[in-house]
Amino acid sequence: MSDKRNLFNKVWDNHTVGTLPSGQTQLFIGLHLIHEVTSPQAFEMLRDRKLSVLHPERTVATVDHIVPTDNQARPFIDLLAEDMMVAIEKNCREFGVTLLNIDDKRQGIVHVVGPEQGLTQPGMTIACGDSHTSTHGAFGSIAFGIGTSQVAHVLATQTMAMGRPKVRRIEVNGQLGRGVFAKDVALHIIRCLGVQGGVGFAYEFAGDVFDCMTMEERMTVCNMSIEGGARCGYVNPDQTTVDYIKGRPFAPQGEAFEKAAQWWLSLASPKDAEYDDIVKYNAADIEPTVTWGINPGQAVGVSEKLPVVSAAPAGEQAGIKEALEFMAFQEGQPIAGQKIDVAFIGSCTNSRISDLREAAAVVKGHKVAAGVRALVVPGSQLVRDQAMSEGLDKIFEAAGFEWREAGCSMCLAMNPDKLKGRELCASSSNRNFKGRQGSPTGRTLLMSPAMVAAAAIKGAVTDVRTVS
């Protein structure tokens, strides 16, 4: 009898320690990633209970959220940020955990460095005290964002308790048009299914479009799956996955790698795999996409107009009205032409080398529009070095962008990179919630790095396909 389990259920079953009285599964966690914001309290919980880290070799720490991307001299000017740095340094030293600190060339955003170092591998369970841990699902792992108390639990037991989600297969078939990127695919799916559409589900991304994507593109879509309400998102491992991992520092080497690769490929969902739900989209229907509201599902294609409140379903009208008022937009207005104040290229969604190349290709030969503040923040020190070796930093700087050190930066603004007042930001990040970028009244438009680059040089939301 054939095994019709999809990848999610295979990996879940492989890591099941037992079933708890609550009905939840106790899952073994293969890789635990931590950072400086959600780990201090977790380590204190261990100290209070006189516990150690059960498997320090399965835990890796980096610093990213509060790290300044301009002046990184210690002590940091922000005393709270400095306290967090001191705490993670002390905790990693005392509990025997590997730390990728800012003086370590491997440092960067946690969801960039995990794959980059070969820590992230197919068939794993991965946890991190950060919402966008779903990024790692691009490798055919199942990866969960967890809260601080769960961070402590994983540190102490290398397990966590969870209810098993259902699995929805999302197919995107056909070929993406010019100027349409992974970010547009992610925003299109969230727009169609809604920000609550994935509640109770894991998303399996499949079809022609995902088969053809690079690993970095797959990471972008999996990163955003959490914004659609899903517990995680993943792509089945294939030769693209294997080729990406080969030779990375923490990957198996030699004969061990060949054996691992064979097993990784065997985990992919079979053709007759069973799912709780299947939805399909046509790649030709996706155009460069821009959010206009206060959640990632409030988005339109760049050629479209904002919704008219009275024309929307009754249950959506209040949310649309609230978003239009906060954003100071008019119902029915085109999104193209909307003036911006800030352009931000970075975040765990879109700060990898391919993202920077796409943006630089748009920027080259142009200047940032008058009155626009523009910055590029690489996702890791290795990405930064690679970009500089290709001269991308010079292209950005010649155009008037600020070129920064690695970190989370203006994605969540737990550092000096913040919006001021009512500034409107074209951002390659993942959330456009009220106050997300540091100002309670600041406003965010999510889009691809190429679209952010186009907006920066035009001073307004612009269809990247019209920029030459």
Side-chain angles (χ1 to χ4, degrees), residues 177-181 183-195 224 227-228 285-345 362 366 368-374 410 419-437 439-467:
R178 184 175 65 86
V180 180
F181 298 95
K183 183 64 157 289
D184 303 301
V185 175
L187 290 173
H188 182 81
I189 291 168
I190 298 167
R191 175 190 179 185
C192 292
L193 292 175
V195 292
M224 294 289 291
E227 302 307 331
D285 294 337
I286 305 173
E287 66 170 328
T289 302
V290 182
T291 63
W292 56 267
I294 53 177
N295 70 58
Q298 293 178 321
V300 290
V302 69
S303 69
E304 294 182 273
K305 294 179 179 178
L306 273 52
V308 173
V309 176
S310 61
E316 296 176 18
Q317 289 185 10
I320 292 171
K321 191 168 184 292
E322 179 191 2
L324 289 170
E325 286 174 358
F326 180 80
M327 297 297 289
F329 290 164
Q330 300 300 313
E331 55 184 336
Q333 77 172 75
I335 191 66
Q338 176 61 51
K339 293 191 181 306
I340 67 159
D341 304 297
V342 180
F344 168 61
I345 296 170
V362 176
H366 296 281
V368 171
V372 173
R373 176 165 56 111
M410 198 181 277
L419 294 185
K420 301 167 189 169
R422 290 284 287 158
E423 283 184 327
L424 183 64
C425 179
S427 177
S428 71
S429 56
N430 43 46
R431 285 188 172 157
N432 54 338
F433 303 160
K434 292 179 180 179
R436 170 72 177 179
Q437 292 192 285
S439 165
T441 54
R443 300 166 294 159
T444 304
L445 305 175
L446 303 178
M447 57 190 82
S448 72
M451 284 285 286
V452 174
I457 61 181
K458 296 295 184 181
V461 176
T462 302
D463 188 337
V464 68
R465 297 169 296 186
T466 66
V467 179

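What you see below is based on every heavy atom in this structure, not just the backbone, and it leaves out hydrogens, waters and symmetry mates. Residue numbers start at 1 and run along the sequence shown.
- With sequence neighbours left out, His188 forms a ring-ring contact (aromatic ring centres under 6.0 Å, His included) with Tyr281.
- Scanning both residues, Ile457 and Ala369, for their nearest heavy atoms gives O-CB, 3.8 Å.
- Annotation: side chain to side chain donor-acceptor pair (under 3.5 Å) contacts of Thr289 (sequence neighbours excluded): none.
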Apply side-chain contact (heavy atoms from CB on, under 4.5 Å) to Met327 and Gln338, showing your working. CA-CA 11 Å; Met327 297 297 289; Gln338 176 61 51; over 6 Å; no
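- Around NZ of Lys305, the count of heavy atoms belonging to other residues, nucleotides or ligands within 6.0 Å does not exceed 12.
- In terms of heavy-atom proximity, Arg422 sits nearest to Glu325 at NH2-O, 4.4 Å.
- Nearest heavy atoms, Asp184 versus Ile286: O-CG2, 3.8 Å.
- Scanning both residues, Ala455 and Ile340, for their nearest heavy atoms gives O-CD1, 3.7 Å.
- Here Ser429 pairs with Ser427 under the side chain to side chain donor-acceptor pair (under 3.5 Å) rule; sequence neighbours left out.
- Between Met410 and Leu419 there is a side-chain heavy-atom pair separated by less than 4.5 Å.
- Within the model, atoms CZ of Phe433 and CD1 of Ile294 stand 9.5 Å from one another, a figure rounded to the nearest 0.5 Å.
- Glu304 and Arg191 are joined by a salt bridge, as a carboxylate oxygen and a charged side-chain nitrogen come within less than 4.0 angstrom of each other.
- Each side-chain hydrogen bond (donor to acceptor under 3.5 Å, both in side chains) pair with one or both residues in residues 453-466, not counting sequence neighbours, appears once here: Glu287-Arg465, Asp463-Arg465.
- When atom types are taken as modelled, the side chain of Lys183 and the backbone of Ser428 share a donor-acceptor pair closer than 3.5 angstrom.
- Proximity of Leu187 to Met224: side-chain heavy atoms (C-beta onward) are separated by under 4.5 Å at one or more points.
- The CG atom of Leu446 sits 9.5 Å away from the CZ atom of Arg436 when rounded to the nearest 0.5 Å.
- With hydrogens and angles ignored, the 3.5 Å screen pairs no side-chain donor or acceptor of Thr291 with any backbone N or O of Gln298.
- Closest approach of Ala454 and Val362 over heavy atoms only: N-CG1, 3.8 Å.
- The side chain to side chain donor-acceptor pair (under 3.5 Å) test applied to Glu316 returns no partner, not counting sequence neighbours.
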Would you sort out whether Gln437 and Glu423 count as a side-chain contact (heavy atoms from CB on, under 4.5 Å), showing the intermediate values? CA-CA 10 Å; Gln437 292 192 285; Glu423 283 184 327; over 6 Å; no
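- For the pair Phe181/Pro288, no side-chain contact is recorded, criterion being any heavy-atom separation below 4.5 Å from C-beta on.
- Closest heavy-atom contact between Arg443 and Phe326: CD-O, 3.6 Å.
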Kindly determine whether Asn432 and Leu445 satisfy side-chain contact (heavy atoms from CB on, under 4.5 Å), including the steps that lead there. CA-CA 7 Å; Asn432 54 338; Leu445 305 175; over 6 Å; no
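- Glu331 meets the side chain to side chain donor-acceptor pair (under 3.5 Å) test with no other residue; sequence neighbours excluded.
- Inter-residue side-chain proximity for Pro307 and Trp292 is flagged as met; some heavy-atom pair is nearer than 4.5 Å.
- Expressed to the nearest 0.5 Å, how far OG1 of Thr444 lies from CZ of Phe344 amounts to 10.0 Å.
- Enclosure of atom CD in Gln330 is not indicated, since only 12 or fewer non-hydrogen atoms of other residues, nucleotides or ligands lie within 6.0 angstrom.
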